[in-house]
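Note that the structure is predicted; figures quoted are calculated from it, not measured. Just follow the structure's listing: the first ligand is 1, and inside any ligand the first atom is 1.
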Amino acid sequence: MKQDLEITPEKFFKVRRRFLKLGAGTLVSALMADNLLAAVLKEQELEFKEMNAQEAFALNGELLEATKEEIATSYNNFYEFGFFKTDPKNKAHSLKTSPWDIRIEGEIEEPFSISYTDLLSKVHLVERVYRFRCVEAWSMVIPWVGFELRELIELARPNANAKYVRFTTLYDPKQFPMQGIMQLLDFPYKEVLRLDEAMHPLTLLAVGMYKKPLPPQNGAPLRLVVPWKYGYKSIKSINKIEFLKDKPISTWEAENPKEYGFYGNVDPEVSHPRWSQKSERVIGKRGQIATLYLNGYASEVEHFYQGLDRTKLY
Ligand SMILES: Nc1nc2c(c(=O)[nH]1)N[C@H]1C(S)=C(S)[C@@H](COP(=O)(O)O)O[C@H]1N2
Ligand SMILES: [Mo]
């Protein structure tokens, strides 16, 4: 697939792209047990370096202060476990994240399945500190561990018909109680990006956060992170990725097309029908801060939306 990116990942972050490296000591024991991410990191003999807080800058040079880990892992949206922010942490231990296979199909040269472990051995892990903005007008700052989605897209080799990428969460009511009990949403949860959005180096598949493997409540073992879009686009616990010719409807768009658009771009000028999006509550801090267009990533991604009417949800 031909790539036409005028920008390099280094431009986004003071943190240089690098392999994560696994060091000795407490961190290793915290990561051990049956954890696949730890196993892969160890196998690759990577050394995990402490991130220097000075490196965690936003695009405008502002220092981003990461949300406390205890907060980011206990205040969650994961409707497969319930409506309440505390449900995922309390209930997600039923999710079995290993072994885990990801099915890749659709408009690609050859459909295939790949195990999480094999996939990790084929990509470059990076740490990225991103703003995270939910459509509900709250935000956090998360230090993710993951790889650029475009690496997986290159492995998948989409053909010329591929215009959209659809992601699907595992469907298993035994592990996700709400999938069986009631049709809260049209499960399994699905989300969609345009192929060019998916190829952007800011778009990550996260496998960890706070230098550790993702906890189940945050979407283990593999979840999408698109930092300039509302959180609902960042689908969790993905086990299928499809390349499509025509735009499919995603879960929230089907549920409530007046409130949740296909793009889901963070935009302070476009109100949600029930509340303003001009400001956001930073979880774990007092007060509100102004919401930034495309969540602060406009200089990198606004070209995608030139000519589109921002007030329309599409
Ligand atoms: N499968 C699935 N993915 C999901 C959701 C969900 O309910 N199910 N909620 C979304 C929403 S609305 C948000 S804000 C983020 C929350 O991610 P976090 O809990 O890691 O902060 O996950 C997104 N991904
Ligand atoms: Mo959200």
Practice problem: Just jot down the ligand 1 atoms closer than 4.0 angstrom to any heavy atom of Thr169, in number order. | Solution: 1 (N)

Quiz prompt | Donor-acceptor pair, side chain of Asn295 and main chain of Tyr297, under 3.5 angstrom | solution = no

Quiz item: Salt bridge or not for Arg310 and Glu302, using N-O below 4.0 Å?
Solution: no

Quiz item: How far is atom 9 (N) of ligand 1 from its nearest protein heavy atom, and which residue and atom name does that atom have?
Solution: Asn77 O, 3.3 Å

Quiz item: How many angstroms lie between NE2 in His303 and CG in Asp196, if you round to the nearest 0.5 Å?
Solution: 7.0 Å

Self-check item: Closest to atom 4 (C) of ligand 1 (judged by heavy-atom distance), picking from Tyr260, Phe83, Tyr189
Solution: Tyr189

Quiz item: Can you list the ligand 1 atoms lying under 4.0 Å from a non-hydrogen atom of Ile235?
Solution: 3 (N), 24 (N)

Self-check item: Side-chain (Ser276) to main-chain (Lys278) donor-acceptor, under 3.5 angstrom
Solution: yes

Self-check item: Sub-4.0 Å heavy-atom contact, Arg223 with ligand 1
Solution: yes

Self-check item: Options Tyr79, Tyr232, Tyr75, Tyr230, ranked by nearest heavy atom to atom 7 (O) of ligand 1, top entry
Solution: Tyr79

Exercise. Find all atoms of ligand 1 within a distance of less than 4.0 Å from any non-hydrogen atom belonging to Asn218, and give their numbers and elements.
Key: 18 (P), 20 (O)

Quiz item: Which ligand 1 atoms, with their elements, are less than 4.0 angstrom from a heavy-atom of Cys134?
Solution: 14 (S)

Quiz item: atom 21 (O) of ligand 1: which protein heavy atom is closest, and how many Å away?
Solution: Phe132 CE2, 3.9 Å

Quiz item: Can you find a pair of side-chain heavy atoms, one from Phe132 and one from Trp138, that are under 4.5 Å apart?
Solution: yes

Quiz item: How close do Gly296 and Arg131 get, heavy atom to heavy atom, and via which atoms?
Solution: CA-NE, 4.4 Å

Quiz prompt | Contacting atoms of ligand 1, where contact means under 4.0 angstrom from a heavy atom of Ser234 | solution = 22 (O), 23 (C), 24 (N)

Quiz prompt | Test item: side-chain donor near acceptor, Asp87 and Gln217, under 3.5 Å | solution = no

Quiz item: ring pair (Phe, Tyr, Trp, His ring centres under 6.0 Å) with Trp252: which of Tyr79, Phe262, Tyr263, Tyr230?
Solution: Tyr79

Quiz item: If you measure from each non-hydrogen atom of Glu80 to ligand 1, which part falls under 4.0 Å: side chain, backbone, both or neither?
Solution: side chain

Quiz item: atom 3 (N) of ligand 1: which of Arg133, Glu191, Lys236 has the nearest heavy atom?
Solution: Lys236

Self-check item: Which of the ligand 1 atoms, numbered from 1, are nearer than 4.0 Å to a heavy atom of Asn76
Solution: 18 (P), 19 (O), 20 (O)

Practice problem: Please work out which of the three classes, parallel, tilted or perpendicular, describes the rings of Phe304 and Trp228, given edges at 30° and 60°. | Solution: tilted

